Undergrad: 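Quick one: structure below, then a few questions.
Quick caveat, the model's predicted, so the values are computed rather than measured.
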Amino acid sequence: MESKNDKQSKLDVRYLRMARIWAENSYCKRRQVGALVVKDKMIISDGYNGTPSGFENVCEDDDNVTKPYVLHAEANAITKLARSNNNSDGATIYITASPCIECAKLIIQAGIKRVVYGEKYRLTDGIELLERAGIEVIYIGLEDK
């Protein structure tokens, strides 16, 4: 019989793969990142990195540097929740890349209790802040799945 942990692990991989597919919606050339917020086995929000609503869908300048106003996938997913009737208390966020420190702060404030990510980034301050806040952080290498 399959244990609860096995079922959760399979769900984690599945949602993370879905976040990777969602990332394909990003117009960013350097890096496409996707995020899904899941609560009670339902996707309650989604996001990918890109420019704010109403801006041109160009993330990089002529030198291929990311424009300073590009939103991260997590920020898009969390701010989208603010405009809905859903809330993220106790939810899990699935992100294709590890969150930066700014997104980690948003995750903490949104009441999200689990973070599952699929790609490590050279800076680890976001992950460290989440762990310090008592949030469960799980790395699942997407290249293996």
Undergrad: Output the distance between atom CD1 (I44) and atom CG (L81), rounded to the nearest 0.5 Å.
TA: 4.5 Å

Undergrad: Just verifying a value: how many Å separate R17 CZ and Y94 OH, rounded to the nearest 0.5 Å?
TA: 12.5 Å

Undergrad: Who are the salt bridge (charged side-chain N to carboxylate O under 4.0 Å, His left out) partners of E131, not counting sequence neighbours?
TA: none

Undergrad: Could you list all the side chain to side chain donor-acceptor pair (under 3.5 Å) pairs where at least one residue sits in residues 104-116, not counting sequence neighbours?
TA: D12-R114, T92-R114, E102-K105, R114-E136

Undergrad: According to disulfide (SG to SG under 2.5 Å), does anything in residues 35-68 pair up with another residue at least two apart or in another chain? List the pairs.
TA: C28-C59

Undergrad: For N5, give me all partners under side-chain contact (heavy atoms from CB on, under 4.5 Å), at least two apart in sequence or on another chain.
TA: S3

Undergrad: Under a single-linkage definition using a 4.5 Å side-chain heavy-atom cutoff for Ile, Leu, Val, Met, Phe, Trp and Tyr, are M18 and V116 assigned to the same hydrophobic cluster?
TA: yes

Undergrad: Have a look at L36 and tell me which of I95, L16, I43, I21 forms a side chain to side chain contact (heavy atoms under 4.5 Å, CB included) with it.
TA: I43

Undergrad: On a heavy-atom basis, which atom in G47 and which in A77 lie closest, and how many Å separate them?
TA: N-CB, 3.8 Å

Undergrad: The criterion is side-chain contact (heavy atoms from CB on, under 4.5 Å); which residues satisfy it with D61, sequence neighbours excluded?
TA: D63, V65

Undergrad: Taking all non-hydrogen atoms of both residues into account, name the closest pair between C103 and A75 and its distance.
TA: SG-N, 4.2 Å

Undergrad: Are Y139 and I127 co-members of a hydrophobic cluster defined by side-chain heavy atoms under 4.5 Å apart?
TA: yes

Undergrad: Applying ring-ring contact (aromatic ring centres under 6.0 Å, His included), name anything that partners F55, two or more places apart in sequence or on another chain.
TA: Y69

Undergrad: Provide the full list of salt bridge (Lys or Arg N to Asp or Glu O under 4.0 Å) pairs with a residue in residues 27-39, sequence neighbours left out, each pair given once.
TA: R31-E119

Undergrad: Can you list every pair that meets salt bridge (Lys or Arg N to Asp or Glu O under 4.0 Å) and has a residue in residues 82-101, with sequence neighbours left out?
TA: none

Undergrad: Between V37 and S88, what is the shortest heavy-atom contact and its length?
TA: CG1-CB, 4.3 Å

Undergrad: With sequence neighbours excluded, tell me which residues meet salt bridge (charged side-chain N to carboxylate O under 4.0 Å, His left out) with E56.
TA: K67

Undergrad: Quick one: pull up CD1 in I78 and CG in N76 and give me the separation to the nearest 0.5 Å.
TA: 10.0 Å

Undergrad: Do I93 and L106 sit in the same hydrophobic cluster, where Ile, Leu, Val, Met, Phe, Trp and Tyr count as joined when their side-chain heavy atoms come under 4.5 Å apart?
TA: yes

Undergrad: Can you pull out every side chain to side chain donor-acceptor pair (under 3.5 Å) where at least one residue sits in residues 43-54? Sequence neighbours excluded, please.
TA: W22-D46, S26-N49, D46-K80

Undergrad: Between V33 and H72, is there a side-chain heavy-atom distance shorter than 4.5 Å?
TA: no

Undergrad: Would you give the length of the straight line joining atom CD1 of I112 to atom CD1 of I107, rounded to the nearest 0.5 angstrom?
TA: 5.5 Å

Undergrad: With sequence neighbours left out, what residues match I101 under side-chain contact (heavy atoms from CB on, under 4.5 Å)?
TA: D125, L129

Undergrad: Test of understanding: with side-chain contact (heavy atoms from CB on, under 4.5 Å), list the residues that count as partners of A82, not counting sequence neighbours.
TA: none

Undergrad: I need the I140 CD1 to Y15 OH distance, nearest 0.5 Å.
TA: 13.0 Å

